[in-house]
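Below is one structure; the comments refer to it alone.
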Protein chains: 2
Amino acid sequence: MGAITGGKSRYHHGDLRNALIGAAVELAAEGGPERVVLREAARSVGVSPTAAYRHFSGQGDLLHAVKARGQQALAASMTETLHARPRLDDPGEEAVRRAEAIGRGYVRFAIEHPGLFRTAFCRTTPEAPDDFTGLQAPDDRPEFAAFVELSDTLDALVATGRMRPENRPAAEVAAWSTVHGLSLLILDGPLAHLPADQRDAVVERTITTIVAGLVR
Amino acid sequence: MGAITGGKSRYHHGDLRNALIGAAVELAAEGGPERVVLREAARSVGVSPTAAYRHFSGQGDLLHAVKARGQQALAASMTETLHARPRLDDPGEEAVRRAEAIGRGYVRFAIEHPGLFRTAFCRTTPEAPDDFTGLQAPDDRPEFAAFVELSDTLDALVATGRMRPENRPAAEVAAWSTVHGLSLLILDGPLAHLPADQRDAVVERTITTIVAGLVR
DNA sequence: TCCTCAATGTTAACAGCATAAACATCTGGG
DNA sequence: CCCAGATGTTTATGCTGTTAACATTGAGGA
């Protein structure tokens with residue numbers, strides 16, 4: 001196969017699938033999922049529109065790939081944010097602060113990369129077998145790394161006595177729901193036109209509130 | 001103007017704007033915002049596609065009208081649910097239960113009317129001057145009735161000593177974020193394929209958690 | 001070495017969409 | 001009575017996704 005050979009034929013691209021995904025990711029980053037249009041991605045790669053059909057079943061399939069990239073980018077950003085955080089001595093306090101940091105990282109990514117974030121959670125086909133069913137995430141896929149870290153943090157809250165065991169079930173859903181909804185209200189909803197400082201204050205208070213509901 | 005006269009000319013519709021909105025709402029209810037396509041709405045009303053441009057500046061404008069209808073439907077559903085609820089004697093307990101009911105009503109509408117719900121919060125034009133800026137809602141518009149009721153309920157939580165005054169700011173954002181995010185995770189996200197009973201249990205626990213974070 | 005064939009790209013074509021321009025038909029107010 | 005503005009229609013343009021038929025390339029077996 002052609003690979004990325006110096007510059008011979010130019011008829012075969014060599015890595016068209018990834019190139020198309022890259023172009024589509026750029027489009028998504030600029031304008032969200034509705035902007036990832038197959039013909040434009042092909043155009044920006046310099047290839048005929050129908051060439052994409054050799055690598056994707058259609059526009060929906062391309063969008064699906066971009067969505068996966070968005071999820072990975074979110075996860076990567078969050079884990080990076082988490083690793084940069086100084087570790088506290090007290091395990092209970094550490095778990096609480098860690099939970100707050102996870103929420104902050106989530107919302108921060110949404111604000112800094114609105115197009116990618118919206119794409120990461122856009123509706124694709126009704127049948128999406130890639131999603132995990134609610135409460136248990138496969139821990140071998142990179143896009144779920146952040147979710148696994150949330151789970152571990154919640155476990156730590158229980159282990160350190162900061163959270164009552166009977167509150168543990170579905171705790172990740174409560175946490176995730178709050179930061180997810182907050183992100184969307186900020187991106188597209190009534191909080192969209194809020195000045196940055198007020199917005200940040202609201203984010204802080206919201207995260208404090210949900211964590212308070214969890215730890216008790 | 002023609003009004004809804006018996007059935008004379010048929011050239012002028014008489015109430016085309018509302019008819020188009022109605023058709024578009026039906027489309028949105030079936031398939032969400034991306035399905036509200038101007039030509040199909042015109043078709044189902046029995047009118048030429050370009051006739052719509054006498055009443056809307058374009059497809060985006062029509063979608064905007066449908067979005068408003070969705071918001072009103074959500075608000076109406078929630079207030080109805082609230083009014084059906086039995087009132088408790090203890091004011092503090094009443095406020096807490098009321099807050100929980102508001103959250104339940106929100107998520108319930110999302111589950112029962114997914115297309116309308118998604119349309120009510122879909123992205124339209126970047127400039128949306130109809131949104132209120134975050135923390136204060138105009139209390140004279142029907143689509144904000146439910147939000148005003150949430151605000152009142154939170155005030156009641158403070159007044160009855162169930163919530164500390166310093167937690168009051170942005171409390172509506174925290175509450176709204178949680179139920180909003182939960183709704184979307186259920187509609188389009190990882191909770192989509194959850195069986196109804198498990199899903200309902202998760203909803204209950206999530207609402208309990210956020211209310212716990214508010215009341216303290 | 002050469003030759004075939006599957007992989008991968010291209011052009012041409014079609015249908016559906018939003019939208020604009022020019023034209024047609026009512027209808028209310030002078 | 002009649003005409004001007006409101007409302008609806010036809011026609012046309014350019015975008016999109018998608019399919020079908022054709023072209024080019026490279027890799028591996030005769």
Side-chain angles (χ1 to χ4, degrees), chain A residues 1-24 26-28 30-67 119 122-125, chain B residues 1-24 27-28 30-67 119 122-126:
Chain A
M1 187 182 294
I4 317 111
T5 59
K8 306 189 74 169
S9 68
R10 293 300 186 194
Y11 189 94
H12 289 90
H13 181 283
D15 193 23
L16 185 52
R17 180 181 168 89
N18 281 355
L20 285 172
I21 294 179
E26 196 136 335
L27 291 175
E30 289 171 6
E34 55 273 4
R35 193 144 171 188
V36 38
V37 36
L38 186 143
R39 288 178 98 106
E40 187 165 347
R43 208 177 303 142
S44 87
V45 172
V47 88
S48 128
T50 55
Y53 287 81
R54 300 294 176 188
H55 304 273
F56 303 93
S57 71
Q59 187 264 355
D61 194 25
L62 174 60
L63 180 56
H64 193 79
V66 177
K67 177 176 177 175
T119 307
C122 73
R123 188 171 175 74
T124 51
T125 98
Chain B
M1 185 182 294
I4 317 112
T5 59
K8 306 190 71 169
S9 69
R10 295 298 186 195
Y11 189 94
H12 288 87
H13 181 283
D15 194 22
L16 185 52
R17 176 175 228 272
N18 281 354
L20 285 171
I21 294 178
L27 292 175
E30 289 171 6
E34 55 273 4
R35 192 143 171 190
V36 38
V37 37
L38 186 142
R39 289 178 94 103
E40 187 165 348
R43 208 178 303 143
S44 86
V45 171
V47 87
S48 128
T50 55
Y53 287 82
R54 300 294 176 190
H55 305 272
F56 303 93
S57 72
Q59 187 263 355
D61 194 23
L62 173 59
L63 180 57
H64 193 78
V66 178
K67 176 176 176 174
T119 308
C122 74
R123 186 171 177 74
T124 53
T125 97

Exercise. So, do A/Leu63 and A/Thr119 sit near enough that their side-chain heavy atoms are less than 4.5 Å apart?
Worked result: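 In short, these two side chains touch, coming nearer than 4.5 Å.
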Problem set entry | Side chain proximity check, B/Glu40 to B/Leu27, heavy atoms < 4.5 angstrom |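 Yes, their side chains come closer than 4.5 Å.
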For this session: Take A/Ala52 and B/Pro49, find for each the nucleotide of DNA chain C with the closest heavy atom, and name the residue whose nucleotide sits nearer the 5' end.
Result: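 Closer to the 5' end of DNA chain C: A/Ala52.
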For this session: Please evaluate the base of C/dG16 for a donor-acceptor partner in the side chain of B/Arg39 within a cut-off of under 3.5 Å?
Result: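 When only heavy-atom distances are counted, B/Arg39 does not reach the base of C/dG16 through any donor-acceptor pair under 3.5 Å.
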Problem set entry | Side chain A/Thr50 and base C/dT11 donor-acceptor under 3.5 Å |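 Answer yes: a donor N or O sits under 3.5 Å from an acceptor.
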Nearest whole Å is fine: how far is [N] [atom2] from [X] [atom1]?
{"X": "A/Tyr53", "N": "D/dA20", "atom1": "OH", "atom2": "P", "result": "12 Å"}
{"X": "B/Glu34", "N": "D/dT16", "atom1": "CD", "atom2": "P", "result": "19 Å"}
{"X": "A/Asp15", "N": "C/dG9", "atom1": "CG", "atom2": "P", "result": "10 Å"}
{"X": "B/Leu27", "N": "C/dA18", "atom1": "CG", "atom2": "C1'", "result": "16 Å"}
{"X": "A/Arg54", "N": "C/dA7", "atom1": "CZ", "atom2": "P", "result": "10 Å"}

Exercise. From the list D/dG8, D/dG17, C/dG9, which nucleotide is the closest neighbour of the side chain of B/Ala51?
Worked result: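 Looking only at heavy atoms from C-beta outward on B/Ala51, the closest nucleotide is D/dG8.
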Exercise. Which nucleotide, C/dC17, D/dG8, C/dT10, lies nearest any side-chain atom of A/Ser48?
Worked result: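 Taking heavy atoms from C-beta onward, the closest nucleotide is C/dT10.
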For this session: Take B/Leu20 and B/Leu38 through the side chain to side chain contact (heavy atoms under 4.5 Å, CB included) test and state the conclusion after the steps.
Result: CA-CA 9 Å; B/Leu20 285 171; B/Leu38 186 142; over 6 Å; no
Exercise. Would one find more than 12 heavy atoms of other residues, nucleotides or ligands at under 6.0 Å from atom CD of A/Glu34?
Worked result: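 It does: A/Glu34 CD has more than 12 such atoms within range.
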For this session: Describe the nucleic acid contact of A/Arg43 in one word from base, sugar-phosphate, nothing, applying a heavy-atom distance below 4.0 Å.
Result: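 Sugar-phosphate contact only.
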Exercise. Counting only side-chain N and O atoms of B/His55, is one of them less than 4.0 Å from OP1 or OP2 of D/dG8?
Worked result: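 Yes, B/His55 has a side-chain N/O under 4.0 Å of OP1/OP2 on D/dG8.
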